[in-house]
Amino acid sequence: MNIFWDIVFRRVGDSLEETGRYEDVDAARADYLYMTQEHPEDYEYVCLRQIETDYNAEEDITQLDIWYAE
């Protein structure tokens with residue numbers, strides 16, 4: 001079983017959703033906080049998720065936190 005984290009986000013004024021993948025939870029959380037607390041004006045939303053994959057390549061996705069621009 002593999003575990004990794006990703007951040008799904010959309011920048012203000014952009015129609016594309018982007019995803020960043022992380023092997024380290026601390027790095028993912030640090031970037032999530034940077035995006036939502038230090039530069040919230042740049043994003044429409046930011047979502048931090050944990051992804052677990054099993055040996056059959058099936059994914060179990062857990063949303064850890066989500067932030068929306070006001």
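Quick note: numbers below take in every heavy atom, side chains included, and nothing from hydrogens, waters or symmetry partners.
By the salt bridge (Lys or Arg N to Asp or Glu O under 4.0 Å) test, E17 pairs with no residue at all, sequence neighbours left out. Not counting sequence neighbours, the partners of E18 by the salt bridge (Lys or Arg N to Asp or Glu O under 4.0 Å) test are R11.
Residue pairs meeting the ring-ring contact (aromatic ring centres under 6.0 Å, His included) criterion with at least one member in residues 36-60, sequence neighbours excluded: F9-Y43, Y34-H39.
Atom CD of E59 sits about 6.5 Å away from atom OG1 of T53, to the nearest 0.5 Å. Taken from CE in M1 to CG in D60, the straight-line distance is 8.0 Å, to the nearest 0.5 Å.
For D54 (side chain) and N56 (main-chain N/O), a donor-acceptor pair under 3.5 Å exists by modelled atom type.
Residues F4, I61 make up the rest of the hydrophobic cluster containing I51, defined by ILVMFWY side-chain heavy atoms closer than 4.5 Å, directly or through other members.
Counting heavy atoms from C-beta outward, M35 and D42 have side chains that stay 4.5 Å or more apart.
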Kindly list each side-chain donor-acceptor pair under 3.5 angstrom involving residues 19-31, sequence neighbours excluded, with atom names and distances?
from: Y22; atom 1: OH; to: D31; atom 2: OD2; distance (Å): 2.6
from: D24; atom 1: OD2; to: A27; atom 2: N; distance (Å): 2.9

Name each donor-acceptor pair under 3.5 Å that joins a side chain in residues 63-70 to protein atoms two or more places apart or in another chain, with its distance.
from: D65; atom 1: OD2; to: Y32; atom 2: OH; distance (Å): 3.4

